[in-house]
Structure formats: C-alpha cells, structure tokens
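Report on one structure; see the data block that follows.
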Amino acid sequence: MLPGLINPGQSRKQAIANSAEALKPLVEASQRSGIGLSIEPHVHGVLESVDAVHELVSKVPGLRITLDLAHFTALGYRQDEIETLVPHAGHVHLRQARQGALQAKMEQGTINFPSLFSALRDVGYDDWLSIEVVHQAYMDTLYDDVLTETVKMRDAFRAWSR
C-alpha cells in the first residue's frame, strides 16, 4: 500500500500522524487475518526520508514496509542510512539507482546489493525479493532494457548467495 500523502494545507508531520491513525486498524486487521500488509515509502510521497519512515513505523505497531532502496538513493540518502530500515522490511523491491535517478543500469548505479542482501540476512528476512525494473514515463525510467537488467539483478543475487 502507499503510506499516505500530504493533503493541501497539511504539513508533513500532520500527514504522518494521519497516516498512522489510518494504518493502525488496517495493520490490526491484517494481523488477525494472517495477511501481510506493508507500505512503500517512495519519491513524491509522505515518506521521502529515512527519519519519516522510522517515525511512522514507531507510531504503528506491526507496520512493515516494502523496502525499495532506489527511492531513497534517488533522493540522495547513503546506503548505510537506508539500511537502518531493513528490520522493518515486509517485502523488498530490487533495482539499481543513483542520486537523481530512480532507476539505472546495473553498472551505472550506486546501490551495493551484496550489502543489502547481507543486511536482510542478518535481520532474519527470509521472504520474497522482487526485481522491479520498469519501463514507464515516471521519473525518466523509459530507457533501460527491462529483461537485461532483470537478468543482471538475478545474477547478482545468485553470485552473492553461493
């Protein structure tokens, strides 16, 4: 799910507080039913900083995130800052990125995937990893060969996991 947005006339702090209140019953319902629920922090959303994500998850017990380092990398966050979110991961999206670019070819990005894979392993994450290379007009992600980049990511994980 998306974590919420900043409505007209609302501050980011108010938006996070509203999102927390709206998400609490959804998380409780998902836990009762055994269905996983996670929110995806992303560029142009209410959770554009690592601190904002920590703030929201601290207000909503049991809330998990769909962790996509690309969104934070594009915004200029260092990987060690982003990896503080790993303990909250309920799902993970994988694609290469760099500051200013939500998606990049594997060789042109700055995300250190072996570091990410190790951080996930270290917190006991044993769920799905989804390769999310896109071809769309959003944030200039039209120019990568999706299949080639998907294979490169698969191979990067295989090389790490041997």
Side-chain angles (χ1 to χ4, degrees), residues 1-6 12 15-16 19-20 22-24 26-28 30-31 34-106 108-136 138-141 144 146 149-161:
M1 295 181 52
L2 295 178
L5 47 92
I6 301 172
R12 187 175 302 272
I16 290 171
S19 290
L23 287 166
K24 284 177 185 174
L26 298 175
V27 169
E28 291 168 5
S30 73
Q31 290 172 336
I35 297 171
L37 173 76
S38 67
I39 53 142
E40 184 176 4
H42 58 91
V43 173
H44 301 134
V46 68
L47 301 179
E48 285 188 303
S49 76
V50 171
D51 287 343
V53 176
H54 282 297
E55 180 181 350
L56 183 59
V57 297
S58 74
K59 293 176 185 233
V60 185
L63 181 62
R64 309 299 285 164
I65 65 168
T66 298
L67 182 59
D68 184 341
L69 272 66
H71 287 277
F72 294 105
T73 300
L75 290 167
Y77 285 89
R78 293 185 331 265
Q79 187 157 340
D80 63 324
E81 296 172 295
I82 305 165
E83 285 181 1
T84 65
L85 299 173
V86 165
H88 305 292
H91 187 62
V92 178
H93 288 169
L94 303 174
R95 70 173 136 193
Q96 188 56 275
R98 66 179 176 275
Q99 187 171 353
L102 180 63
Q103 182 171 287
K105 289 176 177 47
M106 187 66 89
Q108 296 173 344
T110 59
I111 297 175
N112 177 341
F113 286 100
S115 175
L116 173 62
F117 300 147
S118 297
L120 290 163
R121 179 200 55 213
D122 290 350
V123 299
Y125 182 86
D126 65 352
D127 217 328
W128 295 101
L129 301 173
S130 296
I131 299 172
E132 187 187 43
V133 182
V134 298
H135 178 82
Q136 59 189 18
Y138 180 69
M139 293 194 68
D140 203 29
T141 57
D144 298 316
V146 173
E149 296 306 312
T150 298
V151 169
K152 289 178 192 176
M153 184 63 71
R154 178 205 64 192
D155 292 349
F157 180 77
R158 284 181 175 171
W160 173 83
S161 64

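Quick note: residue numbers are just sequence positions, from 1.
Among pairs with a residue in residues 70-79, those fulfilling salt bridge (charged side-chain N to carboxylate O under 4.0 Å, His left out) read R78-D80, R78-E81, at least two apart in sequence or across chains. Judged as a salt bridge (charged side-chain N to carboxylate O under 4.0 Å, His left out), the pairs with a partner in residues 91-100 (not counting sequence neighbours) are, in order, D68-R95, R95-E132.
For the pair Y77/Q99, no side-chain contact is recorded, criterion being any heavy-atom separation below 4.5 Å from C-beta on. The side-chain heavy atoms of V133 and Q96, taken from C-beta on, include no pair separated by under 4.5 Å. Looking at heavy atoms from C-beta onward, V43 lies in side-chain contact with E48 at the 4.5 angstrom threshold. Contact of the R154 side chain with the T150 side chain is not registered, since no non-hydrogen atoms from C-beta on lie closer than 4.5 Å.
Contacts of T66 classified as side chain to side chain contact (heavy atoms under 4.5 Å, CB included), with partners at least two apart in sequence or in another chain: S38, E40, H91, H93. Scanning for side chain to side chain contact (heavy atoms under 4.5 Å, CB included) contacts around I65 gives I39, P41, V53, V57, L67, L85, H88, with sequence neighbours left out. For H135, the ring-ring contact (aromatic ring centres under 6.0 Å, His included) criterion is met by no residue, not counting sequence neighbours. For K24, the salt bridge (charged side-chain N to carboxylate O under 4.0 Å, His left out) partners at least two apart in sequence or on another chain are E21. Remark: Q103 pairs with D144 by the side-chain hydrogen bond (donor to acceptor under 3.5 Å, both in side chains) rule, at least two apart or across chains. Taking the side-chain hydrogen bond (donor to acceptor under 3.5 Å, both in side chains) definition, one finds that S58 meets it with nothing, sequence neighbours left out. Residues satisfying the ring-ring contact (aromatic ring centres under 6.0 Å, His included) test with H42, not counting sequence neighbours, are none.
For the atom pair CG of L69 and CD1 of I111, the computed distance is 5.0 Å after rounding to the nearest 0.5 Å. Note that the CE atom of M153 and the CD1 atom of I131 stand 6.5 Å from one another [nearest 0.5 Å]. A distance of 11.5 Å separates CG of L63 from CD of E28, quoted to the nearest 0.5 Å. Atoms CG and CD, from L94 and E149 in turn, are 13.0 Å apart once rounded to the nearest 0.5 Å.
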Using residues 114-125 as the side-chain source, report each donor-acceptor pair under 3.5 Å to any protein atom, sequence neighbours left out, with the distance given to one decimal.
| unit_1 | atom_1 | unit_2 | atom_2 | d |
| --- | --- | --- | --- | --- |
| S115 | OG | E83 | OE1 | 3.2 |
| S115 | OG | E83 | OE2 | 2.9 |
| S118 | OG | P114 | O | 2.9 |
| S118 | OG | W160 | NE1 | 3.1 |
| Y125 | OH | W128 | O | 2.5 |

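A pairwise comparison of heavy atoms in K59 and A20 identifies CB-CB, 3.8 Å as the closest pair. The two atoms that bring V46 and A15 nearest to each other are CG2-CB, 3.6 Å, heavy atoms only. Of all heavy-atom pairs between L47 and L56, the closest is CD1-CD2, 3.6 Å. Summarising the geometry of S19 relative to G4, their closest heavy-atom pair is OG-CA, 3.6 Å, with the distance given to 0.1 Å. For L102 against H71, the heavy-atom pair with the smallest separation is CD1-ND1, 3.6 Å. Listed here is the closest heavy atom pair of A156 and M106: CB-CE, 4.2 Å.
For E55 (side chain) and I16 (main-chain N/O), no donor-acceptor pair under 3.5 Å exists by modelled atom type.
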>> Could you go through V134 and V146, starting from their C-alpha distance and side-chain angles, then the distance that decides it, and tell me whether this counts as side chain to side chain contact (heavy atoms under 4.5 Å, CB included)?
In response: CA-CA 6 Å; V134 298; V146 173; 6.0 Å; no
>> Walk me through whether Q79 and T73 qualify under side chain to side chain contact (heavy atoms under 4.5 Å, CB included).
In response: CA-CA 7 Å; Q79 187 157 340; T73 300; over 6 Å; no
>> Between V27 and R64, does the side chain to side chain contact (heavy atoms under 4.5 Å, CB included) criterion hold? Intermediate values first, please.
In response: CA-CA 9 Å; V27 169; R64 309 299 285 164; over 6 Å; no
